[in-house]
Amino acid sequence: MLHWKKYRPIDWALVAIAVFMPFLPLVDHNGGHINVLVNAGIYMMLAIGLNIVVGFAGLLDLGYAAFFAIGSYTYAMVASPQFGLHFSFWPMVLISAFVAAIFGVILGAPTLRLRGDYLAIVTLGFGEIVPQTFLNLAKYTGGPNGISAIDQPKLFGYHFGLNPLPYYYLVLVLIAFSLIVANNLRTSRLGRAWMAIREDEIAAAHMGINTTTAKLAAFSLGASFSGLSGVVNASLLTLVSPDQFKFNVSITVLSMLVLGGMGSLPGVVVGSALLSILNFFILPQASNLAATVGLHIDFTSYRFMLYGIILVAVMLFKPEGLWGSEQRRAELKESDITKAENAEYEEMPRETV
Amino acid sequence: MAFFALKNVTKSFGGLVAVKTVSYEVQPGQIAAMIGPNGAGKSTAFNLVTGLYVPTSGEIEFNGQSIGGKKPDFVCKLGIARTFQNIRLFAFMTAVENVMAGRHVRMGAMLWDSLLHTPKQRAEERHVREKAMELLRFVKLERHADDYAHNLPYGFQRRLEIARALASDPTLLLLDEPAAGMNPREKEDLMELIRAIRDRGTTVFLIEHDMGLVMNISERIAVLDHGEKIAEGTPAEIRADSRVIEAYLGKSA
Amino acid sequence: MELFIQQVINGLSLGGIYALIALGYTMVYGIIELINFAHGDVYTLGSFFSIAIIGLLDASGRLHGVPLLLVLAVALAGSMILCGIVGVLLERLAYRRLRNAPRLAPLITAIGASFILENIMQLWRGPSPIPFPSVVPNVTWHFGGVNLSSNEVLVVVMALFLMAVLQIFIYNTRLGKAMRATAQDRDAAQLMGININMTIALTFFIGSALAGVGGFVSGIYYGSTWFYNGFEAGLKAFTAAVLGGIGNVAGAMLGGFVIGMVESLTAGFISDQWATVAVFLLLVLVLIFRPSGLLGEVLPDKV
């Protein structure tokens, strides 16, 4: 159902920008700009995926970059001189997403029973283990140097090469696809189950929702988006190394979600676009500007200060983010069910725990 | 095998025995009740049935199957739905979405269908929405279908919770103090609603401490005190039972 | 065998530092059920404060005139008080407003606060490692092939001593009782006339001051620090708190020593590279198989 009147001018502006994006390279011939936009697009895909986990299902995943790493390395290992394998890019997109999803299940199956904050820390631990493991298994992964000379995609004989333009369109298509799929999920049986779990897990279980399975679905679907982005990233950079997948990647993506509005798809797009603009344009420009007046501050090395401020300020003053609904605001402000009421139903020692 | 029965069910939390060897049987098509003063163990009994707690000992049977210790979603799938003493709606979902969420367990859409919105998925969604609207009409909330649950007045929230529970087509509906906080007029409506639910073919089992309401609509009543069943019978028998009068009526009346 | 004993000694001193940090995690979690993500950075701040204070005394040329012990005492006390104040400010500014919000919200602000603190430290002293003034003479004793240094003894003694003080405080003072009551049931405690905000602020103060001690001794022990030090140390200390049974003071101590041991034994017998992985693996396994921790059931009292 569409309620045309509900759309504000700024919504239309967003639509207009989206429609314009495919034509942008016709106007802007600067390869550097296009390259930056591709990077921003990869982050946007990551944000759309993380939104399924954090925004839809309400599970805080602080190790999201681990799946990005898994996707990247999966492709790198089978499409580079590392083992002399040169698998085609296109099937690997799906396969790497699938591999990441499997790791999502492996991590999620035993941990999703945990309370939300413990889950956050477990995922953080996992996020630290994965790049460290890639670093340590130098025989297979190239250790600190990583894997280089990764193959780039070919489409109908056309070689992507070092030109960012084909990547631009590839990422644009993948973002559109991701948004459609994410929106489908949101308005489906599974999406409703996630929302119910986020609101009241005990009540959700009493509606016959298998909360563990539903959370696992969110977790591994989110992971698969991350893995898919990883393949694109690896082929774009033609190089993967463990330091590309540190905690700060997970936090960057989380900050995008929080800024735009967790759970809101337009919010995710806006939040990730804004932070990318800040990252790739404003901060470097500010550093250059400062240098011209004799100030030598590298603002880009303080971007995490900004992320920190965003996380704190948004949660305190506008928890629904820039693009979230009033409903979401109320939801994040105060839980309807008080702790005392929940305690009444909490009997931790089920046999399984 | 009984339709629904508690058999010598005991639940203890550490040293505290909340439910002590309680047995009780509910016949299909009945409106049955369990009453008792606060802290008598009624809610614990419900939580044992729906799988929130695992019984320390004893059996819970439903349609010939032992359900003690089974998980809530499994119990719901078998056909037992419930409401909660302190309303647990999905506060930030609309009324109709709440009821649709209640239908979850009877839906067939798989991950694939949800991802791609297959024709099968779309047809099912349409059907479930219609079904949810029908249930909202049944509890007289159709005008509030698109209101958020937490914006509804208290009495409406109670009715919405019942509609949500009915969405899973339960054969047994557990109502946890459905009349709590209601005024006499609302209680009248509630009794009418409970009878209508039974007439649709759903067995109703409620716990309450409003004696008036229970005596009025129940066909069979069990009385709990300090975790033990002290009496069972028809409303008339319960009214005449001296232990009940002593344990319950004597104090509160 | 010598290697084993040596690694146990190393593990105990590492563990002493983790334990000091873990106490803060466990106290805060016990009282408001928040993983105070910024706590590790408060610990790093403790090192920074200690370095600054010693530097200040040194620069003004007074270090040679003033007895060394007094300098260290001032640095320690200063670090404790300043860290305590940072902790209280964190609670007041970033967490208090979200006390009744869903758990995710304050956790996210805590992560944000952590990044803010790290960047403030980076602004303050730059991104490179900062040496800790080597004012404390480090005596090393040799027992066969095993070395034991006075710094290692200092860390362990300090940790055990402070844990004992904390235990006595929590179980034998009026304020300690208020903390336990608030941890168990905030509303009921309030009805009993306990000032909840004060009690929670006090908990943050004590926890952060202990992290300040941790920062001080780790500075002496390692001889240097850097702004990002608290991320990993904090995560390991949190692991220690969970392992011991979160909310449990003695558990945090025990957990700290176990984590220190796991790390140093892995480093000694497998490889340095896997030490961190081993600790995080342990975190994942503990949360999966025993989320209530080692002492979680023996001593269920919170705080």
Side-chain angles (χ1 to χ4, degrees), chain A residues 1 3 52 101 180-214 216-218 220-221 224 263 325-332 334-338 340-342 344-347 349-352, chain B residues 11 13 43-44 47 50-54 69 71-78 80-94 97-98 100-111 113-118 121-122 124-125 128 148-151 161 164-165 167-168 170 174:
Chain A
M1 250 183 296
H3 304 282
I52 294 175
I180 291 169
V181 166
N183 192 50
N184 278 352
L185 283 169
R186 192 177 61 86
T187 57
S188 70
R189 178 183 185 229
L190 189 55
R192 214 162 29 237
W194 288 334
M195 218 190 298
I197 290 171
R198 206 176 68 205
E199 301 262 341
D200 186 337
E201 191 163 342
I202 290 169
H206 281 83
M207 298 304 113
I209 295 168
N210 185 332
T211 53
T212 311
T213 315
L216 204 54
S220 53
L221 275 169
S224 70
S325 64
E326 272 303 302
Q327 287 308 319
R328 191 73 174 140
R329 176 186 185 82
E331 183 186 335
L332 284 159
E334 218 150 317
S335 47
D336 256 27
I337 292 149
T338 64
E341 277 175 40
N342 242 331
E344 197 179 315
Y345 293 94
E346 253 173 32
E347 190 203 26
R350 281 198 77 88
E351 292 89 318
T352 41
Chain B
K11 175 66 193 175
F13 298 97
S43 277
T44 307
N47 291 341
T50 59
L52 218 38
Y53 300 161
V54 179
K71 290 177 76 179
D73 54 295
F74 181 79
V75 173
C76 174
K77 194 168 191 170
L78 290 181
I80 301 180
R82 74 173 288 180
T83 65
F84 296 87
Q85 189 178 334
N86 28 36
I87 305 174
R88 301 187 76 121
L89 284 165
F90 305 122
F92 299 99
M93 291 165 73
T94 62
E97 281 169 347
N98 264 277
M100 288 172 79
R103 186 74 188 163
H104 181 91
V105 75
R106 302 288 168 235
M107 291 174 70
M110 304 307 286
L111 178 61
D113 301 305
S114 291
L115 271 170
L116 300 179
H117 277 207
T118 54
Q121 189 269 355
R122 269 179 273 179
E124 185 179 64
E125 281 289 310
V128 168
Y148 286 95
H150 75 128
N151 290 338
E161 226 194 359
R164 183 181 68 173
S168 64
L174 307 182

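Residue numbering restarts at 1 for every chain, and letters A, B, ... go by the order of the sequence lines.
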Are [X] and [Y] side-chain neighbours, meaning at least one heavy-atom pair lies under 4.5 Å?
X      : Y      : value
B:H117 : A:V181 : no
A:I209 : B:V105 : no
B:P72  : A:H206 : yes

Checking heavy atoms, do the side chain of [X], its backbone, both or neither come under 4.5 Å from chain B?
X      : result
A:T212 : side chain
A:T211 : neither
A:A204 : both

Quiz item: What closest approach, in Å, do B:F84 and A:I202 show between heavy atoms, and which atom pair accounts for it?
Solution: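 Heavy atoms of B:F84 and A:I202 come nearest at CE2-CG2, 4.3 Å.
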Self-check item: Stepwise side-chain contact (heavy atoms from CB on, under 4.5 Å) check, B:D73 with A:N210
Solution: CA-CA 6 Å; B:D73 54 295; A:N210 185 332; 3.6 Å; yes
Which distance, rounded to the nearest 0.5 Å, do you find between the [atom1] of [X] and the [atom2] of [Y]?
X      : Y      : atom1 : atom2 : result
A:R192 : B:M107 : CZ    : CE    : 5.0 Å
A:S220 : B:L111 : OG    : CG    : 7.5 Å
A:L190 : B:L115 : CG    : CG    : 8.0 Å
A:R198 : B:M93  : CZ    : CE    : 9.0 Å
A:E199 : B:F92  : CD    : CZ    : 6.5 Å
B:M100 : A:M207 : CE    : CE    : 15.0 Å

Exercise. Apply salt bridge (Lys or Arg N to Asp or Glu O under 4.0 Å) to B:E124 and list each qualifying residue two or more places apart in sequence or on a separate chain.
Key: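 For B:E124, no residue satisfies salt bridge (Lys or Arg N to Asp or Glu O under 4.0 Å) once neighbours in sequence are set aside.
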Residue [X] versus chain A: region with a heavy atom under 4.5 Å:
X      : answer
B:A81  : neither
B:R164 : both
B:S114 : both

Self-check item: Partner set under ring pair (Phe, Tyr, Trp, His ring centres under 6.0 Å) for B:H104, not counting sequence neighbours
Solution: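 Testing B:H104 for ring pair (Phe, Tyr, Trp, His ring centres under 6.0 Å), a comparison that skips the adjacent residues, returns none.
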Exercise. For the pair A:R189 (side chain) and B:G108 (backbone), establish whether a donor and an acceptor sit closer than 3.5 Å, ignoring hydrogens and angles.
Key: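 Checking the backbone N and O of B:G108 against the side chain of A:R189, no donor-acceptor pair under 3.5 Å is found.
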Quiz item: Are A:E201 and B:R88 close enough for a salt bridge, meaning some N to O gap below 4.0 Å?
Solution: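 Between B:R88 and A:E201 there is no salt bridge, as every charged N stays at least 4.0 Å from the carboxylate O atoms.
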